[in-house]
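Worksheet: one structure, shown below.
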Amino acid sequence: MSAESTPEPGIPGDDNGTTGPDSGRGRLKPRARRRGLMIAAWTAAGVVVLGGTGLGYVYFKLNGNLKSVDIDQALGTDRPTKADNGSENILVLGSDTRSGSNKKLGGGTDDGSARSDTAMIIHVYQGHRRASVVSIPRDTLIDRPACTDPKGVTHDAARDVMFNSAYSTGGAACAVKTVESMSGVRMDHYLEVDFAGFQKLIDQLGGVRITTTKDIDDPDSHLRLKAGAHTLDGEQALGLVRTRHGVGDGSDLGRIQLQQAFVKALLDQVEHVGLLGNPKKLLDLADTATKAVTTDSALGSVNSLMSFADGLKGIGASDMTMVTLPVRYDPADPNRVLVEQSKARLVWNALRTDTAIPKAATTGTATGEAAGVVTAS
């Protein structure tokens with residue numbers, strides 16, 4: 001059965017527009033319905049530029065910006081079965097590298113390492129009309145499979161390690177392998193966005209309007225906001241999606257709630273940026289976006305990215321469901337969380353069978369206590 005025909009109580013298509021304890025407050029405005037995922041909006045800008053100019057150098061410029069990883073070659077054939085119904089799963093990571101231009105963004109030291117600061121699985125349902133987003137807390141204790149890093153060094157499997165250690169141990173391929181091991185769900189694509197690119201994209205979009213219901217003060221992420229309406233520039237937006245100590249219970253779960261609220265606010269505004277009448281701004285945005293992302297090899301060209309984005313453009317913000325992997329706080333360490341396995345199985349089974357995530361999967365789990373602190377203005 002596809003998600004299109006799944007009856008209640010499934011999270012996609014919930015009549016009141018909510019998505020469980022990690023949701024925002026109510027539906028987004030109708031104008032956001034035609035806007036797809038963030039990456040779709042960014043790459044769609046490239047489509048318009050290319051179509052409007054017809055200049056080959058623009059294509060080669062953008063194509064040369066892209067970086068890709070051959071996930072299929074790295075992982076081989078011992079993977080979950082690929083769905084044959086047109087549904088897709090995309091692992092999206094926000095990389096937390098502390099080197100180069102990222103060193104001064106969001107605190108931290110330049111130790112040459114990189115971590116997956118943000119991790120989301122985007123499941124696009126059959127027919128590409130709806131999507132579910134499952135956020136994985138970086139502090140989740142998991143069993144990591146054996147991985148081979150980009151230098152060819154093999155790392156033994158490890159038990160009870162933080163989820164984001166998979167990326168720092170073996171890079172993109174190890175992150176994908178770990179998610180597939182946890183879930184039994186095949187990741188069809190991989191997308192990674194880095195700090196510096198994220199900040200520049202927000203600045204080029206003219207900022208993001210949000211409203212905070214409480215003061216946020218987090219020196220670690222360099223973010224200080226009084227309760228009220230704000231237009232966040234790139235640095236502030238980066239601080240918001242990274243803050244954890246300035247709001248809620250100080251956990252990574254609260255940060256995820258802020259991230260989900262920010263994504264909804266961003267999608268609610270993209271239509272009003274005025275890009276269609278400004279080819280120069282479109283080119284600048286496409287140039288920044290293609291420099292900011294790393295993809296799997298199947299998406300490693302402008303043509304492939306544009307085709308992928310075109311397949312998502314019918315998914316608006318109100319067609320997206322956002323949940324957090326069901327977890328509970330670790331009794332031995334409140335800064336870590338443990339997967340609620342029985343509830344997580346409900347989530348993974350829904351993705352495997354292309355059906356709605358049942359509300360029972362996210363009922364009674366740890367939340368982070370930051371829901372409603374940030375809303376779209």
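Heads up: numbering here begins at 1 and tracks the sequence.
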When you measure from the side chain of [X] to the backbone N and O of [Y], does any donor-acceptor pair fall under 3.5 Å?
X      : Y      : answer
Thr213 : Gly372 : yes
Arg244 : Gly250 : yes
Arg186 : Pro80  : yes

| Check against side-chain hydrogen bond (donor to acceptor under 3.5 Å, both in side chains), Asp249 and Tyr329 | CA-CA 11 Å; Asp249 62 6; Tyr329 295 109; 2.2 Å; yes
| request: Kindly determine whether Asp217 and Arg224 satisfy salt bridge (Lys or Arg N to Asp or Glu O under 4.0 Å), including the steps that lead there. | output: CA-CA 4 Å; Asp217 188 351; Arg224 291 178 176 84; 3.2 Å; yes
Quick one: do the [X] and [Y] side chains pair a donor with an acceptor below 3.5 Å?
X      : Y      : result
Asp287 : Asn65  : yes
His189 : Asn89  : no
Ser87  : Asn85  : yes
Thr148 : Thr154 : yes
Ser135 : Gln259 : no
Tyr125 : Ser132 : yes
Ser307 : Ser304 : no

| request: Flag yes if more than 12 heavy atoms outside Lys67 fall under 6.0 Å of its NZ atom; otherwise flag no. | output: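 Atom NZ in Lys67 is crowded, with more than 12 foreign heavy atoms closer than 6.0 Å.
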Got [X] and [Y] here, is their nearest side-chain heavy-atom distance under 4.5 Å?
X      : Y      : value
Ile357 : Val323 : yes
Leu258 : Thr243 : yes
Tyr190 : Thr295 : no
Val293 : Glu192 : no
Leu285 : Leu205 : yes
Met162 : Leu141 : yes
Leu232 : Leu240 : yes
Val208 : Phe262 : yes

Using salt bridge (Lys or Arg N to Asp or Glu O under 4.0 Å) as the criterion, list what pairs up with [X], not counting sequence neighbours.
X      : answer
Lys200 : none
Arg79  : Asp72, Glu180
Lys82  : Asp188

| query | Same cluster or not: are Val92 and Leu66 linked, directly or through other Ile, Leu, Val, Met, Phe, Trp or Tyr residues, by side-chain heavy atoms under 4.5 angstrom apart? | reply |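 Yes, because Val92 and Leu66 connect within a single hydrophobic cluster, where side-chain heavy atoms sit under 4.5 Å apart.
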| message | Same cluster or not: Ile121 versus Leu346, using hydrophobic residues (I, L, V, M, F, W, Y) connected whenever any side-chain heavy atoms lie under 4.5 Å apart? | response |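 Not linked; separate clusters.
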What's the shortest heavy-atom distance between [X] and [Y], and which atoms?
X      : Y      : answer
Ser68  : Asp296 : CB-O, 3.9 Å
Pro326 : Thr365 : CB-CG2, 3.8 Å
Ala350 : Ala356 : CB-O, 3.6 Å

| Val339 and Leu325: CA distance, side-chain angles, deciding distance, side chain to side chain contact (heavy atoms under 4.5 Å, CB included) verdict | CA-CA 7 Å; Val339 179; Leu325 179 66; 4.1 Å; yes
